[in-house]
Amino acid sequence: MGRNAARFLITFGLLLASPLTLAFTLDDLQKQLSQPAVVKGPFIQEKHLRALPQPLLSKGRFVLARDHGLLWLLDTPLRQDYRIDAQGIARRDPNGWQTLPSRSAGAEQNRLFFAVLQGDSSGLQRDFELALSGDAGHWQLRLTPRSLLLKQVFTRIDIAGGQYVERIELSETQGDSTVLRMPASTAAAALSDTERSDFAD
């Protein structure tokens, strides 16, 4: 058998062994990310501003509950808690949770983080073109804005992860960017009493 024929048969065999149906799809990603009832862990956020030589660093913890919403608990440089759920976005003050205006820039960014962490591809597809590559253990998702409003804010959003989302980078049209890293996320079967209280108040 000639070398070219052998190469063809090997290639053909590999194609048969790994059909296109085994490709990692947006539906697969959504199922993978929404499977755990609760995902929690630390986050590190870097805000890169053109006017500053060093990024602005903030750290905290997040709790994503499939049936409740997202708690975004900032520890440094200042303590500030946010909650995102079906009712909108709220910030905690001494009097409890206060709903934020739904059109504020911070609200839009937090809502985007919520959709990304949930793997809500159908929600994201309304506002972005999605391009997914990789496999379940190591994937990358690029979001390119569709709407004129989003195009005025973002050039693209790049997300990467494995079992969970590990890194989100938001590139803005003005040259600034935000990098969010979640290096040690873990799954839990249920919320703690404190977390359940935070979602219930």
Side-chain angles (χ1 to χ4, degrees), residues 18-46 58-74 81-90 102 106-147 150 153-171 177-192 194-196 198-199:
S18 27
L20 293 176
T21 53
L22 292 183
F24 189 59
T25 67
L26 288 168
D27 283 345
D28 294 331
L29 178 61
Q30 181 163 337
K31 287 174 188 171
Q32 178 170 309
L33 294 179
S34 63
Q35 191 172 17
V38 179
V39 177
K40 60 180 76 177
F43 70 80
I44 303 164
Q45 183 173 306
E46 299 174 5
S58 55
K59 297 180 180 181
R61 297 166 293 116
F62 76 94
V63 180
L64 176 66
R66 185 178 57 208
D67 300 325
H68 298 277
L70 173 67
L71 294 174
W72 200 250
L73 311 171
L74 192 63
D81 297 345
Y82 294 90
R83 181 180 67 194
I84 308 170
D85 58 20
Q87 282 69 53
I89 300 178
S102 61
E108 289 296 332
Q109 182 165 303
N110 286 345
R111 196 174 2 256
L112 176 62
F113 285 160
F114 187 32
V116 168
L117 290 170
Q118 276 191 312
D120 180 11
S121 59
S122 59
L124 291 170
Q125 278 176 318
R126 286 193 297 268
D127 297 319
F128 298 92
E129 296 280 352
L130 306 186
L132 177 66
S133 60
D135 55 34
H138 188 72
W139 51 265
Q140 301 84 37
L141 179 63
R142 171 160 289 186
L143 282 60
T144 305
R146 290 180 189 269
S147 73
L150 283 168
V153 181
F154 301 113
T155 55
R156 68 180 185 277
I157 298 169
D158 291 303
I159 306 155
Q163 186 174 5
Y164 312 113
V165 174
E166 296 169 2
R167 188 178 190 275
I168 304 171
E169 181 172 358
L170 300 95
S171 300
S177 65
T178 300
V179 177
L180 180 67
R181 289 180 282 123
M182 289 153 288
S185 300
T186 58
L191 294 167
S192 69
T194 301
E195 292 160 356
R196 195 175 296 107
D198 283 340
F199 280 117

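We use all heavy atoms of the structure for the numbers below, so side chains are in, but hydrogens, waters and symmetry mates are not.
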Next item on the list: Quick one: list whatever passes ring pair (Phe, Tyr, Trp, His ring centres under 6.0 Å) with Tyr164, sequence neighbours left out.
Entry: none
Item checked: Those residues that, when tested against Phe62, pass ring pair (Phe, Tyr, Trp, His ring centres under 6.0 Å) (two or more places apart) -> none
[X]: which residues meet the side chain to side chain donor-acceptor pair (under 3.5 Å) condition with it, sequence neighbours left out?
X      : result
Glu46  : His48, Arg181
Thr186 : none
Arg61  : none
Ser171 : none

Go through the structure and list residues passing side chain to side chain contact (heavy atoms under 4.5 Å, CB included) with [X], not counting sequence neighbours.
X      : answer
Asp81  : Leu73, Arg92, Trp97
Asp135 : His138
Glu166 : none
Gln35  : none

Note to self: Going by salt bridge (charged side-chain N to carboxylate O under 4.0 Å, His left out), name the residues that satisfy it together with Asp27, two or more places apart in sequence or in a different chain.
What the structure shows: none
Checklist line | Distance in Å, Thr144 OG1 paired with Leu150 CG, rounded so as to fall on 0.5 Å steps | finding: 11.5 Å
Check: Nearest 0.5 Å, what's the OG-CG distance between Ser34 and Leu29?
Finding: 9.0 Å
Note to self: Surrounding CD of Glu195 (heavy atoms of other residues, nucleotides or ligands, distance under 6.0 Å), is the total greater than 12?
What the structure shows: yes
